[in-house]
Each structure stands twice: as C-alpha cells, then as structure tokens.
Asker: 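Provided herewith is a single structure, encoded as structure tokens, for subsequent inquiry.
Here the structure is a predicted model, which means the values were calculated and not measured.
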Amino acid sequence: MGIQDKHQGKRQFLTFQKIKWATIVVPVVLLAALDWVRHNLFFAPLHSLSGFIGTYLALGTGVAIFSYAIFGLVDRLQRQNNDRNRQLQALNDIAKVSAAYPGLDDVLRASLDTVLSTMKAEAGLICLVDLEKEEHSVVCYRNISPEFVRRVQHAKIEDDPIALEVVRTAKPVIIERVLEDPRVAEAAKQAGIKSAISAPLKSEGEVNGILAIATRTERHFVDADREFLEGIGGQLGMAIRNAVLFEQTRLQNQELNALLSVGKVATSSLDADELLGRSLDTIIEVTATDAAEIWLMENDEALVMRCHRGKHAEAFLEQTRFQVGDGIPGMVARDRQAIMVHDLASDTRFKRQKVVDAGFHTFYAMPLLYHDEVLGVLALAALSADCLSRQRQLSPLKGIGEWLALAIENTRLYRQVQDAAILSERERIAREMHDGMAQLLGYINTQTIAVKKFLSGERLTEAHEELTRMEEVTRGLYDDVREGILGLRTAARQSDGLIGALKEYVDRYTEMSGVQVDIRVCAGAEDTRLSPAAEIQLMRIIQEALTNVRKHSGTTEASVTFERLEQDLKVAIADDGRGFEPAHLPATGWPRFGLQTMRERAEATGGTLRVDSVPGKGTRVEIQLPARVRVETFEHQSSPGG
C-alpha cells in the first residue's frame, strides 16, 4: 500500500495544483479576452448601457459557472481524500487488530467488519485457501446466509471460477453485474447479491486466502477500491502466514512434548505392566484419542492384548488374541505396515463388533519394530471419524512407536537378566548348601547308622559319645541355617543402604555367634554408590566371610573396613584367627568352595577378590568393586553458597 499511497497522493497534489492555477489564470484570461472583444470587435454596442449590462451579465454567468465547476471539483477531490483517509485508517485499525488479537479467527472477523464499514458494503466473507488440498474454506462471514456458506465450505477451487481466477492471477476480480456474469454461482445470485469484488490475501507472492465483498445494489468499484483491498490482502495474507507458522511451531512443540512425555514414561520403569499402562495414558492425552491398546507377539504366531486404556474397555476386551494375519492387529503384524480406518462399521477387517456398537469410528494400528523385529502392535481408537485425519497428527506416532518398542525390548531383556541372575544365585546357594549343610547331613546320617550298631551291641558309652558329637554338629548346622536365613533376609532388604543393612546384620550376627565385628568407614567411602546388584553381591560376600570367621578362625573379633580408591570401593574383612595356607587348599570342602563362591560373586559385578592368610596369624579378604561418587556430593561441592 505504501507505493500506491504515494502515487495517489501525487495525483491529488497535481490536481490541487491545477485547480489553484486555474482559479488564477482562467479569470485573468477571460477578463482579458472580454476586454479585447469589447474594445476591438464590438466597441459601439458594448459601450452602450445595454451593452454594459449584457457584458457584466455574461461575465457574472461565466464566473458562476467557473466557480461551480471549481467547487464541484474540489468537493469531489475532498470526498476522494476522505475515502482515502478512511481506507488508511482501516488499514491502521487492521494492523492494530493483528497485533492485539492472538487468534487468527479474531483478526479476520475484526478485519472483515472494518472493511465492510469502510467500503459501505452490505456483505462479505473471508476464505482460507489450502493449496495442498486445492480447496477453500470459509472462516468468517457477515450478512450471508449459513446455507450459502455451507454450499461453498471446503469447495474445490477448480469448481469455483472466480476463486480459481483470483488464486491463479493473484489479482482482484470485479463483478459489477452479478446477475449477468456466468462465472457467478447460482447460490450467490439467489442470495440477492448484485455487485462483488474478490481480492486475494497473499504473502510472499502466494495466495493463502480470499476476501470477497458484496453489495445488494449495483455498484461501480473504482481503482481506489481495488487498491484498498489489495493493501488489506497483503496485511491479512501476512497475518495468515504468521498464524500458519505459529500453528506449525505449536504442533512441532506438541509433537516434541509428546515424544518427551512418552520417552520419560517409557524409561521410568522396567515393570512391563506399569510401563505399558502409563505409556498408553500419555498417548491418549497427547493424541486426543479415546482408547489405546498394546498387543505383544507370542511365539511369532499370535498377538495377545497386553494392556488397554480408555473408554469402553469391555468392548475392546471382546477379543484379546489374534493370529498373525487375522484382524487389523494381525494384518499390521504380518505386513509391518500401519492401517488407518475412519469408518469401522463398513470395514470387514475389523473383528470386534462391540467396539463398533460402542460408537467408535476411527481405528489406527501401527507395528512396534525393534531392529526389524515385530514386537507388537500399538492401536488407537476414537469416537470421532475426523480424529487422526491429518498427516501431522500421525507423524509423532512414529517416534512414540520407536520409544515403546525400545522400552518393551528393555523390559524383555531385563526379565531375561533377572531370570539368569536368579538361576546363577540358585547355583551358588546350592554349592554353599552342598559345601556345608549337605556334608553335615551326610555325616549325621553316617553317624546315626554307627549309633544304631553301638546300641544293638549294647556299647552304650560309645553310642553316647557319638550322640554328643552329633549334637554338636547339629547345633552348628542349626547356627548355619539361622545365619543363612539372616543373610538372605538382609541382602533382600537394604532400604537403609549397604552400610546400614550391614550394621543391622552384624548386630544379629554377634548375638548368634559371639564374634564382635568392628565396622570401619574411611573418609569418602560413605559417599560412594554401587549398583543394587553389586550391593547384594557384596553383602553376600561379607556374610560368607564372617561365617567363615565364626566357623573356622577360632577368634571372637573381626573387622570390616570400607575404603574409597579413586573410582573403586575396597572392602576388607579381617580376623586374627588361626588362618590357613591359600596355596594348599583341599580338593573339596572348606575353604575351596567358599572362596570360589565369593570370587564368582565379585567377578559378577566387575570386581576382584583377594585372600591373604597365614596359619596362626589370621585371614584378610579384600573385595574391590567399581563405584561412583554420589551426585549429592558434587552438587554440594559446586554450590557452596547453598
């Protein structure tokens, strides 16, 4: 509008200059001509009384006609100037509206009202143009029947000759006689429209909307009207462009938030049921769907519904198992391609009639792939047939599916690791029982047979001696069982941390064994942290070492020392008992099996175990495990001010 305003102002300036000079020159020329005629051509007649009167009558008539013409021209220019000022004010008002209202609909409605008031038109509407779909849709209108709006809503541009011309030429189309123009739709003629002008709304040379102004009386649209609407079109086109960019940014942020939300949930737990349930709740929230479900593969032959969230759960539970290739979930798993349905009632691939009866129209299913392996299917359902109808609504689901597949694979691997750890622990406990309890029970069984023989031969003294030895062995076995139970309970319950749990164990251990244990924690050791699995294994190693102190050292004092070595934690269990010769271990029994079990536990967590023992001078067991400093320590050191 700036260049057009300059041209218009220049034309008005030249016109006012002409009028100014005309008011000066024309009267002078007219008087000079009249005086020349009066003195040279009609001297005698015009110098009479009648000639004098006639001359001044003619002069007065000429002055009146000239003044009337000048005043009319000035009045017309004044009206044009007022119209131009109103148009400039309208442009200014629309600019203010664009800055004041955040919503595009509000801007367009206020702008349409301003344009109609400025142009003194009775009706109008604004359409947004979707070049991708090649259609236009009405976003606001004034004094036009809703029936007419419904007819042109989401109409194809190629079916509307006027809209097609506006979009192709990017110029206003003026129709001063609507009833005589074949391009005008019959619905517009029936609405009583007599004249109309349609102007493009454009930004960066691309038409993104149409502004149509109509009157119910025939009207001649001047160049100023066309220029005014072109200026409005530039402003509103920019507003539409900004709104589209804002919406795209909002959707991108929404997609990112959706991925972050699902990713956060997917990595928050390794429990499959909790993970899937919370993930589906988040997916329903970010996609605005009404229900969601996850199907997992079973033996590569079937899909089993593992989790469902949302409305009408009983309808979806009508069938909870599909063979691969059967139903929409089975077909998605077989073909590894997503399936979208917006009319479930007419789709024969959908097998759950109760879901259709519940009013669901939209169903979307996509495969959950991990390294090209189908782990399952994610399905979303909505009561609305328009839900998930745009591609940008589906784009975040791909990332969500990848997060879910990764989470499902992690839970599966975690379960496998747990199973392997349980089996490994069972084997260690079995060896410990074989090394201790099984051998003692075997000894008791053998001695029981011997006691029977003594009794049958009436060798009572010998039988009494054997029973006394068996009583001692049984009491030791009972202590071993109690200590083993205490150790297992302590290893499974470490809510107070490793050192807290160890102190609790040592208190009970001392009560049962009479061995005093001194726990020493060097500077920095308490700030180190092991993984949960490493803490359990370390606790079991310490328990085994203290059991050996009770059973084999012959001492009543022992110590457990914690020390931090850079990135490692070193723990030493020491006693001053009888010791043994590490280089000459027996083939079976203690201490070979016990040391082997402790070494396996240390190595299972990436650590090492070392045993130093000298006969008559005690034993020292050292375990060194990788550890890390607690986060709270760094935070405290980096913020001394608070």
Side-chain angles (χ1 to χ4, degrees), residues 1 4-5 8 79-101 103-129 136-153 155 160 162-163 166 171-179 181 184-185 187-202 207-240 243:
M1 277 297 291
Q4 294 173 352
D5 292 340
Q8 184 69 17
R79 288 196 304 271
Q80 291 179 354
N81 188 58
N82 291 338
D83 290 341
R84 173 58 57 180
N85 289 336
R86 283 197 303 271
Q87 291 175 356
L88 292 176
Q89 183 61 42
L91 288 170
N92 186 50
D93 292 343
I94 291 175
K96 291 181 180 179
V97 168
S98 299
Y101 289 99
L104 178 63
D105 292 346
D106 294 332
V107 172
L108 296 182
R109 280 194 292 267
S111 300
L112 179 59
D113 291 337
T114 301
V115 172
L116 293 177
S117 175
T118 302
M119 295 188 66
K120 296 181 174 59
E122 292 87 358
L125 60 81
I126 295 179
C127 296
L128 294 183
V129 173
H136 59 67
S137 55
V138 179
V139 291
C140 62
Y141 59 92
R142 292 290 184 269
N143 300 324
I144 296 177
S145 66
E147 181 181 357
F148 174 79
V149 173
R150 282 194 297 270
R151 290 183 181 181
V152 299
Q153 190 72 288
D160 187 341
I162 297 177
V166 171
K171 295 180 179 180
V173 175
I174 298 175
I175 303 175
E176 296 184 347
R177 291 182 175 84
V178 168
L179 298 178
D181 198 309
V184 180
K189 297 177 181 179
Q190 293 176 358
I193 296 175
K194 296 296 190 296
S195 298
I197 178 171
S198 296
L201 310 180
K202 56 185 178 180
V207 176
N208 52 22
I210 298 174
L211 168 62
I213 303 300
T215 62
R216 290 189 167 86
T217 59
E218 288 191 4
R219 173 173 173 174
H220 174 65
F221 294 100
V222 297
D223 290 344
D225 296 328
R226 178 180 56 78
E227 294 172 357
F228 171 62
L229 291 181
E230 286 181 338
I232 295 291
Q235 282 194 347
L236 295 185
M238 184 61 67
I240 294 172

Asker: Do the side chain of Glu176 and the main chain of His220 share a donor and acceptor less than 3.5 angstrom apart?
Answerer: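 No.
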Asker: Could you check if a side-chain atom of Leu128 sits within less than 4.5 angstrom of a side-chain atom of Leu108, using non-hydrogen atoms only?
Answerer: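 SC-SC contact between Leu128 and Leu108 confirmed.
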Asker: State, to 0.1 Å, how close Ile175 and Val184 come at their nearest heavy-atom pair, and which atoms those are.
Answerer: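 Residues Ile175 and Val184, closest heavy atoms: CD1-CG2, 3.6 Å.
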Asker: Determine whether Val115 and Ile213 make a side-chain contact, defined as any pair of heavy atoms from C-beta on separated by less than 4.5 Å.
Answerer: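 Yes, close enough: below the 4.5 Å cut-off.
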Asker: Going through the checks in order, is the side-chain contact (heavy atoms from CB on, under 4.5 Å) test met by Phe221 and Leu229?
Answerer: CA-CA 11 Å; Phe221 294 100; Leu229 291 181; over 6 Å; no
Asker: Enter the distance from His136:NE2 to Gln153:CD here, rounded to the nearest 0.5 Å.
Answerer: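 Taking NE2 in His136 and CD in Gln153, the distance rounds to 9.0 Å.
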Asker: Take Ile144 and Val138 through the side-chain contact (heavy atoms from CB on, under 4.5 Å) test and state the conclusion after the steps.
Answerer: CA-CA 11 Å; Ile144 296 177; Val138 179; over 6 Å; no
Asker: Suppose we screen for salt bridge (Lys or Arg N to Asp or Glu O under 4.0 Å). Which residues come up paired with Asp105, at least two apart in sequence or across chains?
Answerer: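 For Asp105, no residue satisfies salt bridge (Lys or Arg N to Asp or Glu O under 4.0 Å) once neighbours in sequence are set aside.
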Asker: Going through the checks in order, is the side-chain contact (heavy atoms from CB on, under 4.5 Å) test met by Glu122 and Thr215?
Answerer: CA-CA 5 Å; Glu122 292 87 358; Thr215 62; 3.2 Å; yes
Asker: Look up atom OG in Ser137 and atom CD1 in Ile126, then write down how far apart they are to the nearest 0.5 Å.
Answerer: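 With rounding to 0.5 Å, OG (Ser137) is 12.0 Å from CD1 (Ile126).
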Asker: Might you point out which heavy atoms bring Ala214 and Ile193 nearest each other, and give the distance in Å?
Answerer: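 So the two residues come closest at CB-CG2, 3.7 Å.
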Asker: Contact between Pro172 and Pro200 at the side-chain level, heavy atoms closer than 4.5 Å - yes or no?
Answerer: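 In short, these two side chains touch, coming nearer than 4.5 Å.
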Asker: Could you tell me which non-hydrogen atom of Cys127 sits nearest to which non-hydrogen atom of Leu125, and how far apart they are?
Answerer: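 Smallest heavy-atom distance, with atoms named: SG-CD1, 3.4 Å.
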Asker: Distance check, rounded to the nearest 0.5 Å: Leu179 atom CG versus Ser195 atom OG?
Answerer: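 Going from CG on Leu179 over to OG on Ser195, the span is 9.0 Å.
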Asker: State, to 0.1 Å, how close Ile162 and Ser198 come at their nearest heavy-atom pair, and which atoms those are.
Answerer: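 So the two residues come closest at CG2-OG, 3.9 Å.
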Asker: Does Leu201 form a side-chain contact (heavy atoms from CB on, under 4.5 Å) with Asn208? I'd like the steps, not just the answer.
Answerer: CA-CA 6 Å; Leu201 310 180; Asn208 52 22; 3.9 Å; yes
Asker: Determine the minimum heavy-atom distance between Leu116 and Ala123, stating which atoms define it.
Answerer: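 In this case the closest contact between Leu116 and Ala123 is CD2-O, 3.3 Å.
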Asker: Quick one: list whatever passes side chain to side chain donor-acceptor pair (under 3.5 Å) with Arg219, sequence neighbours left out.
Answerer: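 Arg219: no side chain to side chain donor-acceptor pair (under 3.5 Å) contacts found.
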Asker: What residues form a salt bridge (Lys or Arg N to Asp or Glu O under 4.0 Å) with Arg151, not counting sequence neighbours?
Answerer: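 In terms of salt bridge (Lys or Arg N to Asp or Glu O under 4.0 Å), with neighbours along the sequence ignored, Arg151 is linked to Glu147.
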Asker: Supply the atom-to-atom distance Lys202 NZ to Lys171 NZ, rounded to the nearest 0.5 angstrom.
Answerer: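 Lys202 NZ to Lys171 NZ: 8.5 Å, rounded to 0.5 Å.
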Asker: Sequence neighbours excluded, which residues qualify as side chain to side chain donor-acceptor pair (under 3.5 Å) partners of Glu218?
Answerer: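 Checked Glu218 against side chain to side chain donor-acceptor pair (under 3.5 Å); zero matches.
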Asker: Who pairs with Asp113 by side-chain contact (heavy atoms from CB on, under 4.5 Å), at least two apart in sequence or on another chain?
Answerer: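 Result, side-chain contact (heavy atoms from CB on, under 4.5 Å) vs Asp113: Arg142.
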